[in-house]
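So the structure is just underneath, and the comments pick up after that.
Residue numbers start from 1 in every chain, and the chains themselves are labelled A, B, ... in the order their sequence lines are given, proteins ahead of strands.
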Amino acid sequence: MTTTLQNPAETVAVPSRSWSAWPDSQGRFGEFGGKFAPETLMPAVAELEAAYADARQDPAFQAAIDDLFFNYVGRPTPLMFAPRLTEHAGGAKIFLKREDLAHTGSHKINNAIGQGLLAQRMGKRRIIAETGAGQHGVATATICARLGLECIVYMGALDVERQAPNVARMRLLGAEVVPVTSGSQTLKDAINEAIRDWVTNVETTFYLIGSVMAMHPYPMMVRDFQRVIGVEARRQAHEHAELGRLPDAIVACVGGGSNAMGIFHPFLDDESVALVGVEAAGDGVETGRHAATMTAGTIGVIHGMRTYVLQDEAGQIMEAHSISAGLDYPGVGPEHSFLRQSGRADYVSVTDDQALEGFKLLTATEGIIPALETSHAIFHAARMAATMSPDQSIVICCSGRGDKDLDTALNAMAGKRH
Amino acid sequence: MTAPVTTSPAASRSIGIAATFERARSEGRTALLPFITVGFPDLATSEEIAMALVEAGADAMEIGVPFSDPLADGSTVQRTGQVALAQGTRLVDCLELVRRLRSRGVTIPLVLMGYTNPFYQYGYDRLAADAAEIGVDGFIVPDLPAEESDRFLEACRAHGRDLIFLVAPTSTDERLRLIAERASGFVYCVSLTGVTGARSDMAAGLPEYIARVRATTDLPLVVGFGISTAEHVATVGKHADGAIIASAMINAIEVLPPAEQPAAAAAFMRNLRS
């Protein structure tokens, strides 16, 4: 039996298989993903693929990850019932998977630990990374300090300005932060520059990518390191006194999509669980100033992968816009494109203003200041809960804490009053 | 396609990539393949730069298609692409430029160099068909490795165009064989482990690397990335069939007013022959 995927460009027949069996041996999720990398990198990509395949089957490697997850990150993170947010929304019970409590303040550390240990195992002592908001850069600088690895973080020059506290944190942790002045001077250009560094220093260097994106094996590998979110949440849902079974829906924000992929993946074969990704609509999808890749984008090739992308008719990549630097990316991880096209997950979008409402809402009802990225998921989950009954339940992936965003959020709220 | 409304003479055709390298070999010289970014410093001047290079004896030319995210390019080519994009230069303009060069009597091979996404959006088959009609000999696509090339390769073969693959010093012998099975036209040998850009020295190990590539294919071998001086060209000529000239030439001409750039490009290329 085959499932036929439709899009304007082509039709691809996909063999029916378990959702969790992707990607295929070519690194493809249906027609998405792949390895669109310069030839110079292809041998390194193959080396990484082989090293990860070996590590993933090695109990000692998994034990090293588990040890750092437990002792260093503070895992498992709680699955918390949010009574006042639930009451405010007036419908389904809302639970929070508290990745904001992880060391460094977001889920990004899960992946940084996995890849950092893999780099160490491969004997690569020079680590490069890209960062937008700085959360992945901080997580990478953190694990590099912990493992004694050299760390260079590429960051768009505009982001260096708007995320000064995270730049200071990275430098304190011993990382070199390189402002990128090419192109739009944001995350996509930081990725270009990191890839250029990798092309140049490929023999000595490990590229520690921060999301479920770029060329295979990164989307699979980053997902695997973030799966711990969903694995824990699934077990905790069954054990939770207020829940005791699978939730009816899971809601997570999507930029590149690593926290969403991490929490979605262990639930993919649980067809009763609705999976909802929330993209950034910026000023509104209709204004063109947004980052809602799967809502308004088309299929293309960027940063090594075939996926949905914001682009003009001639295939030039457009600049994304979001109040949240972590969602401000014109592409998305290829597995999300696959889940969207196949209908297993739904993707919606939330504007900057709505995200700010979500930010205030969680702070006021639960005493938790969420990241602006996470605030998108909060807003949508509250909106969604209102349409559901009290015997139903939603789990929100509370992907990060909002300390880094206070200036941005307060300025935006002040601006609105003028 | 619509026929041009002007009464220009019938467009010239390419003499072909194979014939070009045979001729250079019989004349005992290294083929020179300059690179231009279409739309830099502006569309009209880039056409005149191309014409000047042809008149100065370029053996073939790389017609650079600007892209927003050129991840294999160093700062020089990035900069030219940003200027071209800001003026609205797109793939259709690149095809149109080739059409004009052919109508002006250009017969050397003209090869489009660009990233996957603009080609993918245009449609691989449509692009290969239009290329055949207009007189584009082939394509160089730095982010389309052998593993991802099937669809475009099929379209190129169907329309008699060459998909020109890149190899790198990091390519294993196994990968060189994989690429050789698919390659046509010539093989683009990236000289160094890095991005495009002028360099003061050629990479050590070039002879051994080129010999490894040569062992897998009889196609002409062209070396690119970092070739900046006549001495570099001479070094390349000892081992390979051609040399690509890009960033060093751009660096030399971009400081000049647009009107002076075509002559400066021609002079730069002539100096590489001496």
Side-chain angles (χ1 to χ4, degrees), chain A residues 8-10 25-28 31 33-47 181-184 188-189 191-205 214-216 298-307 309-319 330-331, chain B residues 65-75 78-79 81-82 84-85 88-94 114-124 141-151 165-172 174-176 178-179 187-190 192-197 225:
Chain A
E10 57 220 285
S25 61
Q26 308 274 291
R28 297 192 184 128
E31 68 172 292
K35 299 179 214 178
F36 293 84
E39 173 61 23
T40 304
L41 289 180
M42 292 300 283
V45 168
E47 181 193 3
T181 54
S182 60
S184 62
K188 83 179 175 75
D189 306 283
I191 296 169
N192 291 335
E193 208 54 37
I195 292 176
R196 290 181 190 118
D197 180 313
W198 198 25
V199 168
T200 305
N201 302 294
V202 61
E203 322 244 327
T204 60
T205 297
M215 65 290 286
H216 180 69
T298 50
I299 297 172
V301 175
I302 182 180
H303 294 145
M305 56 184 168
R306 182 186 281 125
T307 191
V309 54
L310 300 177
Q311 58 184 326
D312 71 14
E313 286 174 1
Q316 303 294 340
I317 309 303
M318 289 165 30
E319 288 174 30
Chain B
V65 181
F67 182 51
S68 53
D69 294 82
L71 49 76
D73 281 305
S75 58
Q78 283 177 46
R79 195 164 58 235
Q82 280 180 248
L85 287 172
T89 310
R90 297 293 187 267
L91 175 54
V92 289
D93 303 299
C94 304
Y115 289 81
T116 300
N117 199 49
F119 294 168
Y120 180 68
Q121 298 309 322
Y122 194 89
Y124 289 153
V141 195
D143 62 342
L144 193 69
E147 284 84 342
E148 300 291 351
S149 66
D150 284 355
R151 291 184 200 170
F165 285 88
L166 297 98
V167 299
T170 52
S171 303
T172 59
E174 186 188 352
R175 292 195 57 78
L176 292 177
L178 175 76
I179 292 163
V187 174
Y188 188 134
C189 306
V190 174
L192 46 79
T193 306
V195 295
T196 62
F225 286 36

- So, the part of Pro145(B) with a heavy atom under 4.5 Å from chain A: the answer is both
- Note on the structure: Pair count under 4.5 Å, heavy atoms only, with chain B: among Ala314(A), Ala46(A), Ala44(A), highest is Ala314(A)
- Query: Under the 3.5 angstrom rule, does the side chain of Asp189(A) hit a backbone N or O of Ser184(A) as a donor-acceptor pair?
  - Reply: yes
- Item | Engaged part of Pro66(B) at the chain A interface, taking heavy atoms whose separation is under 4.5 Å | backbone
- Query: Out of curiosity, Gln316(A) CD to Leu310(A) CG, how far, rounded to the nearest 0.5 Å?
  - Reply: 14.0 Å
- Query: So which of Pro38(A), Ala194(A), Gly304(A) has the biggest tally of heavy-atom pairs under 4.5 Å with chain B?
  - Reply: Pro38(A)
- Query: Where on Glu147(B) is there a heavy atom nearer than 4.5 Å to chain A: the side chain, the backbone, both, or neither?
  - Reply: both
- Query: Measuring heavy-atom distances to chain A, does Ser171(B) have an atom under 4.5 Å in its side chain, in its backbone, in both, or in neither?
  - Reply: both
- Thr172(B): side-chain contact (heavy atoms from CB on, under 4.5 Å) partners, not counting sequence neighbours: Glu174(B), Arg175(B)
- Message: Counting heavy-atom pairs closer than 4.5 Å to chain A, which one of Pro169(B), Pro118(B), Ser75(B) comes out on top?
- Response: Pro118(B)
- Query: With no hydrogens and no angle check, is any side-chain donor or acceptor of Asp143(B) less than 3.5 Å from a backbone partner on Thr116(B)?
  - Reply: yes
- Message: I'd like to check His303(A) versus Lys188(A) (side-chain heavy atoms, cut-off strictly below 4.5 Å). Are they in contact?
- Response: yes
- Quick one: do Arg196(A) and Asp73(B) make a salt bridge, cutoff under 4.0 Å? no
- Query: With only heavy atoms counted, which part of Glu313(A) is less than 4.5 Å from chain B, the side chain, the backbone, both or neither?
  - Reply: backbone
- Message: Is there a side-chain contact (heavy atoms from CB on, under 4.5 Å) between Phe165(B) and Ser149(B)? Walk through the geometry before answering.
- Response: CA-CA 9 Å; Phe165(B) 285 88; Ser149(B) 66; 3.5 Å; yes
- For the candidates Ile191(A), Ile302(A), Asn192(A), Leu41(A), which exhibits the highest count of non-hydrogen atom pairs separated by less than 4.5 Å from chain B? Asn192(A)
- Message: Is Asn201(A) in contact with chain B via its backbone, its side chain, both, or neither, using a 4.5 Å heavy-atom distance?
- Response: neither
